[in-house]
Amino acid sequence: MRLSPLGAAVAAVVLLAPPARAGVMSAGSVADPARYVNPFVGTRPGGVDWGHGGGGGNTFPGASAPLGGIQWSPDTVTRQFGGYAHTDNRIRGFSLTHLSGAGCGDYGNVPFMPLTGRPAADPEARYATFSHTDEQAAPGSYRVDLDNGIRTEIAAAQRSGVARLTFPESAEEPAGLTVDAGKAHNRATGTVTVGDRSLSGFTDSGGFCGTSVRYRLYFHAEFDRPFAHSEPLDGRTSGAYVSFAPGTRRVTVRVGVSFVSEDAARLNARVEQRGRSLDEVRGAARRQWNGWLGRITVTGGTEARRRMFYTALYHSLLHPGAFSDVDGRYRGFDGLVHRTRPGHVQYANFSGWDVYRSQIQLLALLAPREASDVAQSILEQGRQAGYFDRWTLANGGTGVMVGDPLPAMAASVHAFGGTGFEARELLRAAVAGRQDDRQRPGHTFYDTLGYIPAGTKGVWGAAATTLEYAVADAALAHLADRLGDTATRDTLLRASGNWRNLLHPDSRYLQPRRADGTWPAFKPTQRRDYVEGNAAQYTWMVPHDLPGLFTAMGGDAAATARLDTFFTEYNAGADQPYAYLGNEPSFNTPWAYDYLGRPDRTQDTVRGILTTLFGDGPDGLVGNDDLGAMSSWAVWAALGMYPQIPGSPQLALASPLFPLTQIHRGNGVHITVLAPQASEANSRVREVRLNGRTTDPRWLPDSFPARGGVLTFRLSPP
């Protein structure tokens, strides 16, 4: 049977249905996990601003589907990179796109703003105040009653959303709204075309972190009643003001977005919503979120810890976002329109430097099929651009941050069972890209000297970048090994040892080094030649060869003593010689104790970090969430395990937070974590059993994620 374009699009959307719930939940386990999610977590600073994007999560509270391509959310007047500052009570619009937790602003495209009467000449007079007591947010939906009497309700599907605007009966002025394609969180221009009951157009925007990356987003908005009046907003074709017939009290608008065309945006909304009411779309979004959040069910624990856990899981699953349309088309890094393989999705927005450490592994653990599409998306980006960028936004590379994280992400997807992508081609392209200055600035030095010299022009943080390249090489070596490419594996393994070239024989720190092999003046707290951290923090960043690092430090006892000192503080910022868990370079370090034969110290340290740095309120994050990076760390910590080695399926162990956790991987594999004594006080592991047999309390067999099984912990107080 040949499907019509609409029929084919409907078939494609079916493939984006919520993951099937596997297994039967135990008595006392969480039903409707979405009710434990607080989307406001991260919208208020929870820690000190150490100069790397603020002391809060930079999240947003609005409506998004899992891995959604639209994030329809309120923007406050006070600048915050997620668009919403919980400390402000003024909303300036409800824009269609957002990034959750980034340390720079972007998206915030095409804000809609309901109002009564004509828009004031002064844009600041159009702001609407509100109270948090009149605001509700849940996975997939958002609602606020503004102080001017207008209620705004929003629900989201994958690439579209629906809003219901209820205007006060007492209003003497006509109900209306503004739509502005010339506004975003960065520079934007655009065009709005007004129909009888529709608004459509596009916006050109970009400039993430001050870079030159740009993108064009198309939108189409269809209203349930005709306009009585329309005019350009402030005399600009990039914005429009529309109003409705006198007496109108409720208006529903359906909006689709696309990076291909206005027609594609219209089709996205038509296919995904199928004319359903806002309440129906909201219900479908909640069911979809429960399908995803329900991949992990927990029993026991306090109400606050369940809220912390499921909110962290929610934030871990917002990105990357669906970039292809319901018919499979998307705009590539070459500016051309491409089409995905039937039944697959192209994803976008990869915060590579941040998420390669634990977020991508969590996604692959819970959703190997979708994670495979993420890995294929990375490959397609590389094909179209000619190299793998480090931080990609929409269909462009920003070059932000350092290292070579996107190939490492794909290697980790493969390690956790997401094998439904062209892994051999990705490995080939990634290895070739090691010689590309765009992908690996400073690679000539790295390949010849074995490190990037201090102060190398065009390289941010020579020492940090050297370590990042070594980690990426190790991840690709694991991928090559699984693919049976031993020659490539051996080449990459040798390169992954380049960290040794930065080890100073006296200080036992990984230090910047000159091209002639000599060592500049050094102190452990220096930030020069590092990236958003210092030498004391980066010296531990050898997750793929911790035993080798400890030997180089003088042995396990010496390394343990240094690690104990390092954890004098958990979130000390980049100017102190202690841990900085509000940022990514320290993520793997608490688990390093396992590789020293001190799993007890991992258990205590991980539990201390989890219970002091993560909360269930708006101030529940102490650093940028970076598209789910920090939240994913919290999820893993609560599970009592962590993907310590990028590109490897090995899970280092701590202690679980909940008495019973069930993980449904989405591919028929199930994991049960039993810890009957688990509580706030009981974090010390006395015994670990895997399928009834005593096992190593430091880490699990590499086969565990693929096979699943029952993991039993016996816990007690420290």
Side-chain angles (χ1 to χ4, degrees), residues 41-59 80-82 86-87 100-103 304-305 308-309 311-312 315-316 351 353-355 357-359 401 461 464 524-527 530-541 543 562-593 601-638 642 644 652 654 657 680 683:
V41 168
T43 60
R44 179 187 289 265
V48 176
D49 182 355
W50 298 116
H52 302 122
N58 288 340
T59 55
Q80 193 257 21
F81 294 134
H86 198 268
T87 54
S100 181
R305 294 304 177 203
M308 180 275 293
F309 177 81
T311 301
H315 280 141
S316 300
S351 182
W353 184 83
D354 308 286
V355 301
R357 305 165 199 266
S358 60
Q359 187 269 346
M401 302 311 296
T525 56
Q526 76 175 53
R527 297 168 62 177
Y530 298 93
V531 175
E532 297 191 358
N534 59 42
Q537 292 153 0
Y538 269 91
T539 288
W540 302 104
M541 213 190 81
R562 286 181 62 170
L563 207 54
D564 288 344
T565 299
F566 185 71
F567 284 111
T568 297
E569 295 183 36
Y570 291 152
N571 190 38
D575 293 322
Q576 298 296 322
Y578 308 122
Y580 182 12
L581 265 297
N583 209 358
E584 283 75 14
S586 289
F587 273 18
N588 78 297
T589 314
W591 312 84
Y593 281 113
R601 298 294 292 126
T602 288
Q603 296 150 20
D604 296 347
T605 305
V606 169
R607 180 62 61 86
I609 294 166
L610 181 64
T611 56
T612 58
L613 298 191
F614 295 88
D616 63 339
D619 60 351
L621 289 171
V622 299
N624 300 163
D625 204 35
D626 287 318
L627 282 65
M630 178 165 282
S631 288
S632 68
W633 190 97
V635 172
W636 283 112
Y642 188 77
Q644 177 74 342
L657 184 63
E680 295 288 304
S683 64

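Of the possible donor and acceptor atoms, none in the side chain of N534 sits under 3.5 Å from a partner among the backbone N and O of R527. A donor-acceptor pair under 3.5 Å links the side-chain atoms of S632 to the main chain of A629, judged by distance alone. Side-chain atoms of T568 come within 3.5 Å of backbone N or O of T565 as a donor-acceptor pair. Between the side chain of Q644 and the backbone N or O of A652, no donor-acceptor pair lies under 3.5 Å. Put simply, the side chain of T602 never gets that close to the backbone of A654: no donor and acceptor are under 3.5 Å apart. The backbone N or O of G82 sits less than 3.5 Å from a side-chain atom of Q80, completing a donor-acceptor pair. With hydrogens and angles disregarded, no donor-acceptor distance shorter than 3.5 Å links the side chain of N624 to the backbone of D626. Side-chain N or O atoms of N58 include one that pairs as donor or acceptor with a backbone N or O of A102 at under 3.5 Å.
Qualifying side chain to side chain donor-acceptor pair (under 3.5 Å) partners for Y538, counting only residues two or more places apart in sequence or in other chains: none. When the side-chain contact (heavy atoms from CB on, under 4.5 Å) test is applied to V622, the partners found at least two apart in sequence or on another chain are N571, L613. The side chain to side chain donor-acceptor pair (under 3.5 Å) check on T311 picks up nothing, with sequence neighbours excluded.
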Using side-chain contact (heavy atoms from CB on, under 4.5 Å), reason through L627 and Q359 one step at a time and then give a plain yes or no. CA-CA 9 Å; L627 282 65; Q359 187 269 346; over 6 Å; no
Stepwise side-chain hydrogen bond (donor to acceptor under 3.5 Å, both in side chains) check, Y580 with D575: CA-CA 10 Å; Y580 182 12; D575 293 322; over 6 Å; no
Worked check of side-chain contact (heavy atoms from CB on, under 4.5 Å) between V41 and H86: CA-CA 9 Å; V41 168; H86 198 268; over 6 Å; no
Can you check side-chain contact (heavy atoms from CB on, under 4.5 Å) on Y593 and Q603, steps first, answer last? CA-CA 9 Å; Y593 281 113; Q603 296 150 20; over 6 Å; no
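What you find for A312 and S316 is that their closest heavy atoms are O-OG, 2.8 Å. Between H315 and S631, the shortest heavy-atom contact is CB-OG, 3.4 Å. When every heavy atom of T539 is checked against every heavy atom of R562, the shortest pair comes out as CG2-NH2, 3.9 Å. The two residues G103 and F81 have their closest heavy-atom pair at O-CE1, 3.0 Å.
Taking CG of L610 as the start and OH of Y570 as the end, the distance is 10.5 Å to the nearest 0.5 Å. S586 contributes atom OG, which lies 9.5 Å from atom CZ of R357 (distance to the nearest 0.5 angstrom). The CG atom of D619 sits 8.5 Å away from the OG1 atom of T43 when rounded to the nearest 0.5 Å.
M541 has its side chain out of reach of F587: every pair of non-hydrogen atoms, C-beta onward, lies at least 4.5 Å apart. Looking at heavy atoms from C-beta onward, P590 lies in side-chain contact with I609 at the 4.5 angstrom threshold. Side-chain atoms of Y578 and F567, non-hydrogen and from C-beta on, never get closer than 4.5 Å to each other. Using a 4.5 Å heavy-atom threshold, the side chains of L657 and M308 count as touching. No side-chain heavy atom of Q576 sits less than 4.5 Å from a side-chain heavy atom of W50. At least one side-chain heavy atom of L621 sits less than 4.5 Å from a side-chain heavy atom of F614. Y530 places none of its side-chain heavy atoms less than 4.5 Å from the side chain of Q537. Between T611 and R305 there is a side-chain heavy-atom pair separated by less than 4.5 Å.
Using bins of under 30°, 30° to 60° and over 60° for the plane-to-plane angle, the ring pair Y642/W633 lands in the tilted bin.
Side-chain contact check for T59 and D625: no donor-acceptor pair (N or O, by modelled atom type) lies under 3.5 Å.
Using a 4.0 Å cut-off between a side-chain N of Lys or Arg and a carboxylate O of Asp or Glu, R607 and E680 do not qualify as a salt bridge.
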